[in-house]
Amino acid sequence: MKRNVIKLMEVCGTHTMAIARSGIRKVIPGGIELISGPGCPVCVTSQKDIDRAIMIAREKDVVMTTFGDMMRVPGSRTSLEGVKGLGADVKVVYSPLDAVSMAKDAPDKNVVFMGVGFETTSPLVASAVIEAKKRDIRNFSVLSNFKLVFPALEAIAGSEKIAVDGFICPGHVSVITGSAPYEDIARRFGKPCVITGFGQADIIKGITRLVDQINRGDNRVEIEYKRAVTNKGNTRAKSVLDEVFSPSDAEWRGLGKITKSGLKFRDDYSFFDAKNRFPVKVPEPRVPKGCICAEVLQGISRPGDCRLFGKACTPSSPVGPCMVSSEGSCAAQYRYGE
């Protein structure tokens with residue numbers, strides 16, 4: 001079956017940046033449209049979850065730690081960087097284990113790690129929690145804002161508004177999950193899935209395979225990234241993740257609440273849950289006026305459709321998370337001028 005326009009979604013933010021950097025959109029045939037999906041963990045973190053992190057950071061004797069991209073993401077009223085400027089103790093770490101070590105060295109402080117990310121990142125944090133428990137470090141906790149990719153893919157695949165024909169699937173996540181979970185999406189929703197690496201040639205091969213499938217009427221899962229991805233994935237990482245966390249409902253920027261698309265602590269590790277330890281009252285969140293990050297994350301709008309893009313919203317003065325993140329669609333378009 002041939003179509004006039006084939007819409008392919010690159011799910012992963014790293015793919016979004018790689019596609020923009022290499023100029024792939026400029027060289028593919030006009031009948032193929034690439035749209036960016038919700039694969040940037042910073043971008044899909046809800047306004048309320050950012051506000052909660054800021055509220056906890058303001059608590060007495062708290063050291064809030066997180067990855068660098070989260071610092072400048074605007075909450076409803078300020079950012080972690082902003083509240084740091086007002087005196088809160090907010091630090092960037094490069095590994096959750098750095099936060100565990102920080103807690104060990106400062107027993108009079110409560111060190112909180114704000115965790116965002118997908119199946120790629122969350123096993124590392126689960127390992128850090130297990131390590132903290134083993135070393136009896138009681139002043140360490142995690143604010144879990146982790147997301148699971150497959151419930152979001154189901155929501156997108158079933159959406160008539162987004163109307164995706166196939167998925168360029170994330171290589172990083174698939175290293176952990178394996179290719180097997182995509183088979184259900186391909187079969188139930190009739191959407192072919194191809195897992196690719198991050199080089200220009202990898203992505204173009206992935207696009208070619210998807211177009212070939214769509215033109216033949218196939219709906220299969222293919223692995224173009226076989227040097228790193230298997231059908232079963234990393235069973236050790238999945239086991240560690242399952243020991244500490246279990247699926248829970250989660251709020252996504254743009255996609256709203258998705259059933260069992262987040263991660264909560266299991267009872268044996270609930271002591272490390274920052275939401276329990278710091279039950280702050282979070283005011284009703286406010287989305288910046290004019291920001292369309294929610295639509296961009298669904299592939300409904302492009303960054304250039306936003307009237308703030310490149311004017312009121314730039315990398316040096318971002319209004320929305322898609323301009324802040326190193327994997328954000330708006331940052332990619334601004335930097336590489338697609």
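Everything quoted here is computed from the prediction, not taken from an experiment. Numbers here simply count residues along the sequence, with the first being 1.
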Do [X] and [Y] come close enough that some side-chain heavy atom pair is under 4.5 Å?
X: K275; Y: V280; result: no
X: V11; Y: L153; result: yes
X: K260; Y: L148; result: no
X: D249; Y: I258; result: no
X: M17; Y: R21; result: yes
X: K264; Y: S144; result: no
X: D108; Y: D61; result: no

Heavy-atom pair of closest approach, residues [X] and [Y]:
X: F67; Y: S95; value: CE2-N, 4.1 Å
X: C43; Y: G328; value: SG-CA, 3.9 Å
X: G233; Y: T230; value: N-OG1, 2.9 Å
X: S127; Y: V240; value: OG-CG1, 3.5 Å
X: T78; Y: G82; value: OG1-CA, 3.4 Å
X: V90; Y: A57; value: CG2-CB, 4.1 Å

Does [Y] offer a backbone N or O that forms a donor-acceptor pair with the side chain of [X] under 3.5 Å?
X: T208; Y: I204; value: yes
X: S101; Y: L97; value: yes
X: S270; Y: D267; value: yes
X: E183; Y: S179; value: no
X: T65; Y: V93; value: no

Any ion pair linking [Y] and [X] (charged N to carboxylate O, less than 4.0 Å)?
X: K48; Y: E251; value: no
X: D202; Y: R227; value: yes
X: D218; Y: R216; value: yes

List for me each residue that meets ring pair (Phe, Tyr, Trp, His ring centres under 6.0 Å) alongside F265, sequence neighbours excluded, and say none if there are none. F245
Which residues satisfy the ring pair (Phe, Tyr, Trp, His ring centres under 6.0 Å) test with Y269, sequence neighbours excluded?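 Residues passing ring pair (Phe, Tyr, Trp, His ring centres under 6.0 Å) with Y269: none at all.
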Under the salt bridge (Lys or Arg N to Asp or Glu O under 4.0 Å) rule, collect the residues that match up with R302, sequence neighbours excluded.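 Result, salt bridge (Lys or Arg N to Asp or Glu O under 4.0 Å) vs R302: E33.
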Is it the case that more than 12 heavy atoms not belonging to K7 sit under 6.0 Å from its NZ atom?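 Yes, enclosed.
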Cluster check [X], [Y]: I/L/V/M/F/W/Y, side chain < 4.5 angstrom:
X: V62; Y: L80; result: yes
X: L143; Y: F272; result: no
X: F140; Y: V63; result: yes
X: V92; Y: V142; result: no
X: L255; Y: V42; result: no

Please report, to 0.1 Å, the donor-acceptor pairs under 3.5 Å made by any side chain of residues 186-200, with sequence neighbours excluded.
unit_1: R187; atom_1: NH2; unit_2: D184; atom_2: OD1; d: 3.0
unit_1: R188; atom_1: NE; unit_2: D184; atom_2: OD1; d: 3.3
unit_1: R188; atom_1: NE; unit_2: D184; atom_2: OD2; d: 2.9
unit_1: R188; atom_1: NH2; unit_2: E154; atom_2: OE1; d: 3.1
unit_1: R188; atom_1: NH2; unit_2: E154; atom_2: OE2; d: 3.3
unit_1: R188; atom_1: NH2; unit_2: D184; atom_2: OD2; d: 3.0
unit_1: K191; atom_1: NZ; unit_2: V164; atom_2: O; d: 2.7
unit_1: T196; atom_1: OG1; unit_2: H15; atom_2: NE2; d: 2.9

Please tell me whether [X] and [Y] have a donor and an acceptor in their side chains that are separated by less than 3.5 angstrom.
X: T45; Y: N145; result: no
X: W252; Y: S46; result: no
X: Q47; Y: R253; result: yes

V44 vs K147, side-chain contact (heavy atoms from CB on, under 4.5 Å): CA-CA, chis, key distance, verdict: CA-CA 9 Å; V44 297; K147 303 285 192 296; 4.2 Å; yes
Can you list everything that forms a side chain to side chain donor-acceptor pair (under 3.5 Å) with [X]? Sequence neighbours excluded, please.
X: S326; value: D69
X: D51; value: S76
X: Y182; value: S174
X: R52; value: D49

Step by step, work out the side-chain contact (heavy atoms from CB on, under 4.5 Å) result for S79 and V73. CA-CA 6 Å; S79 63; V73 178; over 6 Å; no
Considering only residues two or more places apart or on different chains, which pairs with a residue in residues 80-97 satisfy salt bridge (Lys or Arg N to Asp or Glu O under 4.0 Å)? D89-K91
Keeping to residues at least two apart or across chains, list the salt bridge (Lys or Arg N to Asp or Glu O under 4.0 Å) pairs with something in residues 131-143. E131-K134, E131-R135, D136-R138
Which donor-acceptor pairs under 3.5 Å do the side chains of residues 110-125 make with protein atoms, sequence neighbours left out?
unit_1: E119; atom_1: OE1; unit_2: V149; atom_2: N; d: 3.3
unit_1: E119; atom_1: OE2; unit_2: V149; atom_2: N; d: 3.0
unit_1: T120; atom_1: OG1; unit_2: V173; atom_2: N; d: 3.4
unit_1: S122; atom_1: OG; unit_2: F118; atom_2: O; d: 3.0

May I have the step-by-step check of side-chain contact (heavy atoms from CB on, under 4.5 Å) for L241 and I176, ending in yes or no? CA-CA 10 Å; L241 185 63; I176 303 297; 5.9 Å; no
Cation-aromatic face contact R25/Y336, 6.0 Å, 45 degrees: no
Show which side-chain atoms of residues 313-325 pair as donor or acceptor with protein atoms under 3.5 Å away, not counting sequence neighbours.
unit_1: T314; atom_1: OG1; unit_2: S316; atom_2: OG; d: 3.2
unit_1: T314; atom_1: OG1; unit_2: S317; atom_2: N; d: 3.2
unit_1: S325; atom_1: OG; unit_2: E327; atom_2: N; d: 3.0

